[in-house]
Amino acid sequence: MWLFGLKGASGFSASSTAEEVTQGIDATGLTAIVTGASSGIGAETTRVLAMRGAHVVMAVRNVKSGEEVKESILKDIPRAKLDVMELDLGSMESVRKFASEYNSTGYPLNILINNAGVMAPPFMLSQDNIELQFATNHLGHFLLTNLLLQNLKNTAQASHKEGRIVNVSSLGHRFTYREGIRFDKINDKDSYTAILAYGQSKLANILHANELARHFKEEGAEITANSLHPGSITTNLLRHQSLVEGKILKSSTRVVLIVLMTSHEICLVNWIGKYFIKNIPQGAATTCYVALHPQVKGITGEYFSDSNISASTSQGTDAELAKKLWDFSLNLTKPQ
């Protein structure tokens, strides 16, 4: 669809940018947390939300990089309201420290964007001895969300404005282990496959959002939870890969791993890539759309792509799998 810029029901397409999908939206008075805000689509999401008037708290692992992005945004948008706070999603101690410090600031919380992630590293464990991709991409965000839920609920009730949780997933969720989530083999090094473990963590992002949506409906909470595929984007998420000039291409239809043999082939792939790979402003569009657009008001438990409602896999809509993952994650994130 993106190659031809065809617009979906929302009026936007894969070629739409974050600024375009938020044009005319006033986010003044809203406070948002964006994880992974120091680079890539996280930084662009932060910039555009701030441009629209939101107070954005940048939750970053590298505070120095976060401060540099903040200063860069302030040069272009002097009125931007930004804070930088340290958060390492691979450490539950860090997640708890961040949530405690955030809640102690007295800041409200209207929007939580779970954006940060790692992609397809060699097998390694987090600080809590859990496979790194599952720990960082899912468990860290799961714990963070739970620790901030009361703030989200209080803010929605006091402001009479719908709270929104946005989980940045990936088309990569289609490429996971056969069972979807390997509950009994999360740390199995012998059967670890980097790209399938990535898909597992991205499937978990979708299931997490869906189960949150179910909980909010049951409670009558004025909060929505949705997940999304940002598109085919080349960012430092791919720093662990060496294919295609150091990159994996996440296409709109499949994950493609290509080993190039000659410089002519590299040139050909680069030329084709211009028509299928989004730039950063386009890559941040769906996140900003789901976070801010009035069209998304009241919509919950959905999966978005190219700033339109899309469809995930059958595993991505499996309510029993979502409930099982929720219980499994609660157990893993219990204070020891």
Side-chain angles (χ1 to χ4, degrees), residues 31-37 57-63 83-109 111-118 121 123-157 163 165-168 181-189 197 200-216 218-219 221 223 225 227 320-336:
T31 302
I33 292 175
V34 180
T35 70
V57 175
M58 305 167 63
V60 299
R61 186 168 57 87
N62 187 321
V63 173
D83 286 298
V84 177
M85 294 179 64
E86 184 175 9
L87 172 65
D88 180 354
L89 288 157
S91 163
M92 292 187 206
E93 179 182 2
S94 176
V95 173
R96 290 191 174 93
K97 182 173 183 289
F98 172 90
S100 176
E101 291 179 352
Y102 183 87
N103 288 329
S104 295
T105 64
Y107 291 154
L109 182 58
I111 303 165
L112 173 60
I113 299 178
N114 292 321
N115 165 79
V118 295
F123 181 84
M124 61 183 78
L125 298 177
S126 71
Q127 293 184 34
D128 304 288
N129 293 316
I130 299 167
E131 188 275 310
L132 187 64
Q133 294 188 86
F134 189 79
T136 303
N137 298 352
H138 167 63
L139 273 185
H141 284 126
F142 177 88
L143 178 60
L144 177 68
T145 302
N146 280 359
L147 294 173
L148 296 172
L149 271 184
Q150 196 57 53
N151 193 329
L152 277 160
K153 292 176 181 179
N154 292 345
T155 301
Q157 186 173 28
I165 297 173
V166 183
N167 281 1
V168 179
I181 308 293
R182 303 198 310 170
F183 296 103
D184 58 341
K185 294 183 178 180
I186 287 296
N187 286 352
D188 188 354
K189 182 177 181 180
Q200 173 179 247
S201 70
K202 295 289 100 181
L203 172 61
N205 292 153
I206 296 172
L207 295 172
H208 177 215
N210 292 351
E211 187 66 6
L212 278 168
R214 187 183 70 80
H215 283 229
F216 293 146
E218 287 184 353
E219 298 170 11
I223 304 172
S227 57
E320 290 187 9
L321 186 61
K323 176 63 167 61
K324 186 175 181 180
L325 175 65
W326 181 277
D327 293 340
F328 182 69
S329 302
L330 275 179
N331 185 59
L332 287 177
T333 55
K334 286 190 306 186
Q336 299 300 315

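For clarity, every value in this text was computed on a predicted model and none was experimentally measured.
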### Query
Should Leu139 and Met92 be marked as a side chain to side chain contact (heavy atoms under 4.5 Å, CB included) after you check the CA-CA gap, both sets of side-chain angles, and the distance that decides it?
CA-CA 9 Å; Leu139 273 185; Met92 292 187 206; 4.3 Å; yes

### Query
Taking the six-membered ring for Trp, are His208 and Trp326 parallel (under 30°), tilted (30 to 60°) or perpendicular (over 60°)?
tilted

### Query
For the side chain of Thr155 and the backbone of Leu109, is there at least one donor-acceptor N/O pair under 3.5 Å apart?
yes

### Task
Could you tell me the separation between the CD1 atom of Ile165 and the CD1 atom of Ile223, rounded to the nearest 0.5 Å?
6.0 Å

## Note on the structure
Scanning both residues in full, the closest heavy-atom pair of Thr333 with Ser329 reads OG1-O, 2.8 Å

### Message
I want to check something: taking the side chain as every heavy atom from C-beta on, are Leu148 and Asn103 in contact at a cut-off of under 4.5 Å?
### Response
yes

### Asn151 versus Tyr107, side-chain donor and acceptor atoms under 3.5 Å
no

### Query
Are the side chain of Asn205 and the backbone N or O of Asn137 linked by a donor-acceptor pair below 3.5 Å?
yes

### Task
For Asn331, enumerate each residue passing the side-chain hydrogen bond (donor to acceptor under 3.5 Å, both in side chains) test, keeping only those at least two apart in sequence or located in another chain.
Lys334

### Message
As an exercise, state the distance from CZ of Phe123 to CG of Leu132, rounded to the nearest 0.5 Å.
### Response
9.5 Å

### Task
Would you check, one step at a time, whether the test side chain to side chain contact (heavy atoms under 4.5 Å, CB included) holds for Leu152 with Phe216?
CA-CA 11 Å; Leu152 277 160; Phe216 293 146; 5.8 Å; no

### Task
Please report the C-alpha distance between Leu89 and His141 in whole Å, then the side-chain angles of each, then the deciding distance to 0.1 Å, and finally whether the side chain to side chain contact (heavy atoms under 4.5 Å, CB included) criterion is met.
CA-CA 7 Å; Leu89 288 157; His141 284 126; 3.3 Å; yes

### Carboxylate-amine/guanidinium proximity below 4.0 Å for Glu218 and Arg214
yes

### Message
Working to the nearest 0.5 angstrom, can you tell me the gap between Leu207 CG and Ile181 CD1?
### Response
6.0 Å

### Query
Who are the side-chain hydrogen bond (donor to acceptor under 3.5 Å, both in side chains) partners of Asn187, not counting sequence neighbours?
none

### Distance (rounded to the nearest 0.5 Å) between Leu143 CG and Leu330 CG
9.5 Å

### Phe142 vs Leu332, side chain to side chain contact (heavy atoms under 4.5 Å, CB included): CA-CA, chis, key distance, verdict
CA-CA 10 Å; Phe142 177 88; Leu332 287 177; over 6 Å; no

### Query
Is Lys97 paired with Glu93 through a side-chain N to carboxylate O contact shorter than 4.0 Å?
no

### Query
So which pairs with a foot in residues 130-151 pass salt bridge (charged side-chain N to carboxylate O under 4.0 Å, His left out), sequence neighbours left out?
none

#### Entry: Those residues that, when tested against Asn114, pass side-chain hydrogen bond (donor to acceptor under 3.5 Å, both in side chains) (two or more places apart)
Thr145, Asn167

### Task
Output all residues satisfying side-chain hydrogen bond (donor to acceptor under 3.5 Å, both in side chains) with Thr136, sequence neighbours left out; order by chain, then residue number.
none

### Query
Judged by atom type as modelled, is there a donor-acceptor pair below 3.5 Å linking the side chain of Ser104 to the main-chain atoms of Ser100?
yes

#### Entry: Gln133 to Ser201 - nearest heavy-atom pair and separation
O-CB, 3.6 Å

### Query
Between Phe134 and His138, what is the ring plane arrangement, given parallel below 30°, perpendicular above 60°, and tilted in between?
tilted

### Query
Hey, does the side chain of Glu86 reach the backbone of Phe98 with a donor-acceptor pair shorter than 3.5 angstrom?
no

### Message
Would the distance check show the side chain of Lys202 and the main-chain N or O of Val168 forming a donor-acceptor pair, the cut-off being under 3.5 Å?
### Response
yes

### Query
Taking C-beta and beyond as the side chain, do Leu147 and Tyr102 meet within less than 4.5 Å on heavy atoms?
no

### Any side-chain donor near an acceptor of the partner, His215 and Glu211, under 3.5 Å
yes

#### Entry: Side chain Thr35, main chain Ala116, donor-acceptor under 3.5 Å
yes

### Query
If you measure from CD1 on Ile33 to CG on Leu87, what distance do you get to the nearest 0.5 Å?
9.0 Å

### Task
Take atom NZ of Lys324 as the centre, draw a 6.0 Å sphere, and report whether it contains more than 12 heavy atoms from other residues, nucleotides or ligands.
no

### Query
If you look at every heavy atom in Ala209 and Ala225, which pair is closest and at what distance?
O-CB, 3.5 Å

### Message
Once rounded to the nearest 0.5 Å, what's the spacing between atom CG of Leu212 and atom CG of Leu149?
### Response
6.5 Å

### Message
With a 4.5 Å cut-off on side-chain heavy atoms, are Met85 and Glu101 touching?
### Response
yes

### Listed partners of Gln127 passing side-chain contact (heavy atoms from CB on, under 4.5 Å), at least two apart
Asp88, Ser91

